[in-house]
Amino acid sequence: MTTSDTSNVNVLPESATDRLRQHLQQIAGERDRAHRALQEREAELARIQRIGRVGGVEVDFREGFKNRRSPEYLIIHGLPPDAANETHEQWVERIHPDDRDRTVKQFLDALAGRDEDYNATYRIVRPNDGQIRWIDVVAKIERDSEGRALRLVGAHIDATDRMLAQEKLRESEERFRLIADSAPVPMWVTKLDRTRSFANRAYVDFLGLPFEEAIAFDWRKRLHPDDQQRVVQESIAGEASLKPFVLEARYMRADGEWRWLRSESQPRWDPTGNHIGFIGVAHDITAAKQGERDLRQLNEILELRITERTAQLESNEAQMRAILETSHQYQGLLNLHGDLLYANKTALAGIRSDASTVLGKPFWDTPWFSGTEGMGGTVRDAFF
């Protein structure tokens, strides 16, 4: 080959080769960084799933049931790492016996239907430790053009803590209902629209209505006409205050009798501090109201009798004074201590004095006796 033949061979200049090598190295570096970033994101996602107790699941229906479980799924279900491709029957066997038929039927019905969403809640018995765990399933079903299920992709969430909390809440509510129903006084819980979300047995019995009708009943329909306007205004003002308030009014009982009730209402708040209604209790104070009426009537009778007696005494005193003042004998009145309370005109004329100079003095110190030596002492001795 001659020197002139080398002109047909493409030889890159050294600078171009370096640039190509640098470019390839840059691409490789970016690929490695992207791969590491993806691994980091996957690891972070797996960590989040473990913290949130969320496991991934995929089921292919094109050739039977081909399962693929994520490591987080296996942890939630108490399965070993080699169970990632467990069979459909193994999943069914793990479902709690009390939930098994219902859960399997729901699953198969979802596949046979047309919906894309599949949601389920059931219990499992974990094979590794025998624990019963609640599982929430949230998934999507991919279908072909004819609606046949091709694949299910979703997540299994360990909902045990939530379900146990709900069970405790139900138990607490049941205890509250039993306690409330055993109370002899009406009790209720209202919502913001003033309808009842709960009423106890005494409340229902007072109205004489079925429970569902009683909690929706407008209590104003049982108010006594004379109390209607006042109590409605007081109720509106009490609710607006968002503070405890008390109402007293007459309500018609189921048997048609009017009963005085004293209701006490307390505001209700949700965990975030929002007002959500009131809880109330009512006491029958009919007997106390009747007692108040009887006491008022008794007081009125006593006041009338006192007035009549006072008038009679004043009349008697006036008559006595009239008699004493017209008497030509010395007449006077003393208290138990011997002080002079009254002297008639004849007696005052006898000592040439007026009432102001002698009234209130000991009788023996008055001029009737002080002018005679030793007479005052004799009179005093008669008193003591």
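Everything numeric in this text was worked out from a predicted model, so none of it was measured. We number each residue from 1, following the sequence as shown.
- Through side-chain heavy atoms spaced under 4.5 Å, either directly or across other Ile, Leu, Val, Met, Phe, Trp or Tyr residues, I301 is tied to no other residue.
- Residue pairs meeting the salt bridge (Lys or Arg N to Asp or Glu O under 4.0 Å) criterion with at least one member in residues 330-353: none, sequence neighbours excluded.
- Without hydrogens or angle criteria, T190 side chain to R196 main chain gives no donor-acceptor distance under 3.5 Å.
- Looking at T357, its side chain does come within 3.5 Å of a backbone N or O of D354 through a donor-acceptor pair.
- Formation of a donor-acceptor pair under 3.5 Å by the H224 side chain with backbone atoms of D226 is found in this model.
- Connection of L164 to I132 is not established within any shared hydrophobic cluster, with ILVMFWY side chains joined at heavy-atom distances below 4.5 Å, either directly or through further cluster members.
- Put simply, the side chain of N128 never gets that close to the backbone of L79: no donor and acceptor are under 3.5 Å apart.
- A donor-acceptor pair under 3.5 Å is absent between the side-chain atoms of N85 and the main chain of R68, judged by distance alone.
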Check: Would F198 and F176 satisfy ring-ring contact (aromatic ring centres under 6.0 Å, His included), going step by step from the backbone distance to the final call?
Finding: CA-CA 11 Å; F198 169 79; F176 168 76; 5.2 Å; yes
Notebook entry, point to check: Going through the distances and angles, do D101 and K105 end up as a salt bridge (charged side-chain N to carboxylate O under 4.0 Å, His left out)?
Noted result: CA-CA 6 Å; D101 291 344; K105 182 178 184 303; over 6 Å; no
Notebook entry, point to check: Stepwise, does the salt bridge (charged side-chain N to carboxylate O under 4.0 Å, His left out) test hold for R230 with E234?
Noted result: CA-CA 6 Å; R230 171 183 60 82; E234 290 177 358; 3.5 Å; yes
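- Side chain of S172 to backbone of K168: no donor-acceptor contact under 3.5 angstrom is found.
- W364 and I351 fall within the same hydrophobic cluster, defined by Ile, Leu, Val, Met, Phe, Trp and Tyr side-chain heavy atoms under 4.5 Å apart, directly or through other members.
- Taken together through direct or relayed side-chain contacts under 4.5 Å among Ile, Leu, Val, Met, Phe, Trp and Tyr, I279 and V185 form parts of separate hydrophobic clusters.
- In this structure a side-chain-to-backbone donor-acceptor pair under 3.5 Å is present from Q90 to T87.
- In terms of hydrophobic clustering, with Ile, Leu, Val, Met, Phe, Trp and Tyr side chains grouped at heavy-atom distances under 4.5 Å, V246 and L223 are assigned to different clusters.
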Check: Could you walk me through whether H77 and I124 pass the side chain to side chain contact (heavy atoms under 4.5 Å, CB included) check?
Finding: CA-CA 8 Å; H77 283 257; I124 62 168; 3.5 Å; yes
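- Under the 30°/60° scheme for interplanar angles, the aromatic rings of W91 and Y122 are found to stand perpendicular.
- Aromatic ring centroids of F278 and F245 lie under 6.0 Å apart.
- A donor-acceptor pair under 3.5 Å is absent between the side-chain atoms of D115 and the main chain of D117, judged by distance alone.
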Checklist line | Step-by-step salt bridge (charged side-chain N to carboxylate O under 4.0 Å, His left out) determination, K289 to E248 | finding: CA-CA 10 Å; K289 287 292 185 180; E248 289 187 3; 3.0 Å; yes
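- A heavy-atom distance below 4.5 Å is not found between the side chains of F107 and I95.
- In this structure, Y330 is a member of the same hydrophobic cluster as L340, with clusters built from ILVMFWY side-chain heavy atoms closer than 4.5 Å.
- With hydrogens and angles disregarded, no donor-acceptor distance shorter than 3.5 Å links the side chain of D136 to the backbone of T121.
- Once rounded to the nearest 0.5 Å, the distance linking CD of Q290 with CD1 of I285 reads 12.5 Å.
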Next item on the list: Dump the intermediate steps for salt bridge (charged side-chain N to carboxylate O under 4.0 Å, His left out) on D218 and K221, then the final yes or no.
Entry: CA-CA 6 Å; D218 186 352; K221 294 180 179 179; 5.7 Å; no
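- No side-chain donor-acceptor contact under 3.5 Å links T366 to the backbone of V358.
- Qualifying side chain to side chain contact (heavy atoms under 4.5 Å, CB included) partners for S327, counting only residues two or more places apart in sequence or in other chains: Q329, Q331, N344.
- Aromatic ring pairs are classed by plane angle as parallel below 30°, tilted from 30° to 60° and perpendicular above 60°; the pair Y73 and H156 is tilted.
- Proximity of the aromatic rings of F206 and Y251 is defined here by a centroid distance below 6.0 angstrom, and this criterion is not met.
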